[in-house]
Amino acid sequence: MTASGSLAGEAPLITGGKTASRVTHDVCSLIERRPGPLWWPTFLLAFSALLLGVIAVAYQIKVGIGTWGLNRTVGWAFDITNFVFWVGIGHAGTLISAVLLLLRQKWRTSINRSAEAMTIFAVICAGIFPLIHMGRPWLAYWVFPYPNSRGPLWVNFRSPLLWDVFAIGTYFTISLVFWYLGMIPDLGTLRDRASGLRRRVFSFLSMGWNGSARTWSRYEVACLLLAALATPLVVSVHSVVSTDFATAMVPGWHATLFPPYFVVGAVFSGFAMVLTLMIIARKVMNLQDYITRRHIGAMCKVLVFTGSIVGAAYATELFVAWYSGSSYEQFAFNNRMRGPFGWAYGIMVGCNVIAPQLLWIRKIRHSVGAVFVLSLLVNLGMWFERFVIIVTSLHRDFLPSSWTSYVPTLVEIATLIGSFGLFFTLFLLFCRFLPMIAMSEVKTVLTRASEKRDTLEKERVA
Amino acid sequence: MKRRSFRAEVGVFPTEDALLAAAAACRQRGVELLDAHTPYPVHGIDDVLGIRRTRLPYVTFAGGVLGLVLALWLQYWSSAVDYPLNVGGKPFDSLPAFIPVAFEMLVLCAGLLTVAVFLLRSRLAPGRRARAMDPRITDDRFALVVRRRDASIALSDLQQMLRTHGALEHWSEVTE
């Protein structure tokens, strides 16, 4: 990736010769008009999946987590896999909105709003799983350190599980605030176009935004500050999640490689999910002029880059297991590749390491259909990565007498489907009721305005 | 903050270039520029309007220090002073294990305080009514608000100057 957004000879970021008022019209009419023909079927499908999940969750809370396929050896499996998967999905949103803002990557402007929304919804989905796993979710507030009548017995600050509470909680809060702050100018635009009840709602939400230059000046600095905070935050979140495993003694988990390995995997899976969502959204919401081939191409490059790092991490894990000389480590990885879950390892390597290598080919990067299929494969592969890490490490541990296997129950599978339902329901509602493209930011990269800014910046440097 | 009201002249421009040119011309004639209202941040207008760089980064820093100190104190006090509990033989004051939570609290406090101060300073709050000059400002128009002081420049001259720099329309109003 280069530092400047528009190199000579590259396709424009926004196609269709848009003017500022055209951008306003295109984005606002998505909300003001009735949804397109594809919206309702997609929404009903997602909502049905959500209802299935609601039933499954209600059942397992009422009966207890004995409804899962866990046993005394495999104490973590499907549920934690889903938790790590969803937290990881969120990471690309923060990367696009914060890291690419700091790096001045202009292509982020069309996709940052929906990527941030994706982050928030993915973290909501993730949060549900440890909550159910507690077994008695109505006592979930016990994880917070507050003066209580039990001693006061404080939480154990030395436990990575508690670090998770703070990491995920902070991540959700900061992402939500960053997302909302970025949306205030656009909510102002919606307010100024609306009348009646809609106007009152957007008037309330836009907080009295009037586009004053003094406010803009502070606003840009506030966004940069939040981006600078969110960048190390996103690295910390999946590092903390990885310590849930890395601080345990289980072979296959106990590795110092885990924090960077998890962070890169998270960015990788997140970008795959952004691609999946954006390719669907540009079709369903008719946004081909805003989410162009150039955006898809740029995300493909991130995907092949992070995918290769993930491949290097898999190789490093194997090398370290062999080089450690520990027979338990060596067994764990042999069992992972050739044991009863060898097929899952195969899916993981095939989807995460081999499949994305096709993206080196320009023709494949430019074919929306091929990219869509590859993004789905990466989503699948990254789900299996977490499953492989968790289940294959646990099911055959130190004592052969305690070896077992693990099969998910229907309740667990229904919960996973339900979490996808929740995610897509929230995302489709977001597309329908909030500006899914950051209008005020896209207006700054429309050819004329951005060309002038480039020369201004060059003059300043010179 | 003391609020003063001014008699102002507002000019509405079609492009950011026209806005910047008009603002520069007004400044040259000694007309006091009050504010500009734009659909997106116009770079270069800050200098012309004489907007000082915001001191928000200091707020962020203060919030970060607050969160860090608060989290380290809470973890130390609850784990080593109020209810020391032997967990796996680890020391009561296990500082390295307290770092992740301290870092998260640093980010949380710094971020929330930054946004809170930004909203307060910009007088933005949920439900607050916008003092918008024109609804098209959030679409594709750029408004320049200048102070009307008949002593320095005649109103007709001022209006003429706005028009020559491409103002589509202009009007007078009382502003803060």
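The shown structure was predicted, so the numbers you read here are calculated from the model rather than taken from an experiment. Just so we're on the same page: letters track the sequence lines, and every chain starts at 1.
The structure places CH2 of A:W163 at 9.5 Å from CD1 of B:I99, a figure rounded to the nearest 0.5 Å. Rounded to the nearest 0.5 angstrom, B:L112 CG and A:I174 CD1 are separated by 5.0 Å. Here CD of A:E220 is found 3.5 Å from NE2 of B:H43. Values are rounded to the nearest 0.5 Å. Atom SG of residue A:C223 and atom CZ of residue B:F118 lie 7.5 Å apart, to the nearest 0.5 angstrom.
Only the side chain of A:T173 comes within contact range of chain B, judged by heavy atoms closer than 4.5 Å. A:L153 touches chain B through backbone and side chain together, each having a heavy atom under 4.5 Å away. Both the backbone and the side chain of A:L229 come within less than 4.5 Å of a heavy atom in chain B. There is no contact between A:P160 and chain B, counting heavy-atom distances below 4.5 Å. A:Y219 touches chain B through backbone and side chain together, each having a heavy atom under 4.5 Å away. For A:L233, the parts lying near chain B are the backbone and the side chain together; criterion is any non-hydrogen pair under 4.5 Å. Contacts of B:A110 with chain A are made by both backbone and side-chain atoms, with heavy-atom separations under 4.5 Å.
With chain A as the partner, the residue from B:S79, B:A71, B:P39 showing the most heavy-atom pairs under 4.5 Å is B:P39. Ranked by heavy-atom pairs under 4.5 Å with chain A, the first of B:T60, B:V59, B:V117, B:L85 is B:T60. Your options are A:P185, A:P232, A:S206, and the one with the most heavy-atom pairs under 4.5 Å with chain B is A:P232. The most heavy-atom pairs under 4.5 Å with chain A, out of B:I45, B:T54, B:V101, come from B:V101. Each of A:A167, A:A20, A:G151, A:A222 has some count of heavy-atom pairs under 4.5 Å with chain B, and the biggest count is that of A:A167.
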Worked verdict on A:S21 versus B:D139 for side-chain hydrogen bond (donor to acceptor under 3.5 Å, both in side chains): CA-CA 6 Å; A:S21 74; B:D139 181 7; 5.0 Å; no
Trace of the side chain to side chain contact (heavy atoms under 4.5 Å, CB included) decision for A:R214 with B:D35: CA-CA 7 Å; A:R214 289 166 205 284; B:D35 205 347; 4.0 Å; yes
Side chain to side chain contact (heavy atoms under 4.5 Å, CB included) between B:Y40 and A:E441, worked out: CA-CA 7 Å; B:Y40 54 82; A:E441 289 190 53; over 6 Å; no
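With no hydrogens or angles considered, a side-chain donor-acceptor pair links B:T138 and A:D192 at under 3.5 Å.
Nearest heavy-atom pair, A:R158 versus B:S94, reported as atom, atom and distance to 0.1 Å: NE-OG, 2.5 Å. The two residues A:L226 and B:G111 come nearest to each other via the heavy atoms CD2-CA, 3.7 Å. The two residues A:V240 and B:E104 come nearest to each other via the heavy atoms CG2-OE2, 4.3 Å. Counting all heavy atoms, side chain and backbone alike, A:S217 lies closest to B:D46 at OG-OD2, 3.3 Å. In terms of heavy-atom proximity, A:V221 sits nearest to B:P57 at CG1-CD, 4.1 Å. Considering every non-hydrogen atom in both B:H37 and A:N210, the closest pair reads ND1-O, 2.9 Å.
Screening B:W77, B:Y76, B:Y83, B:F92 against A:W154 for a ring pair (Phe, Tyr, Trp, His ring centres under 6.0 Å) leaves a single residue, B:W77.
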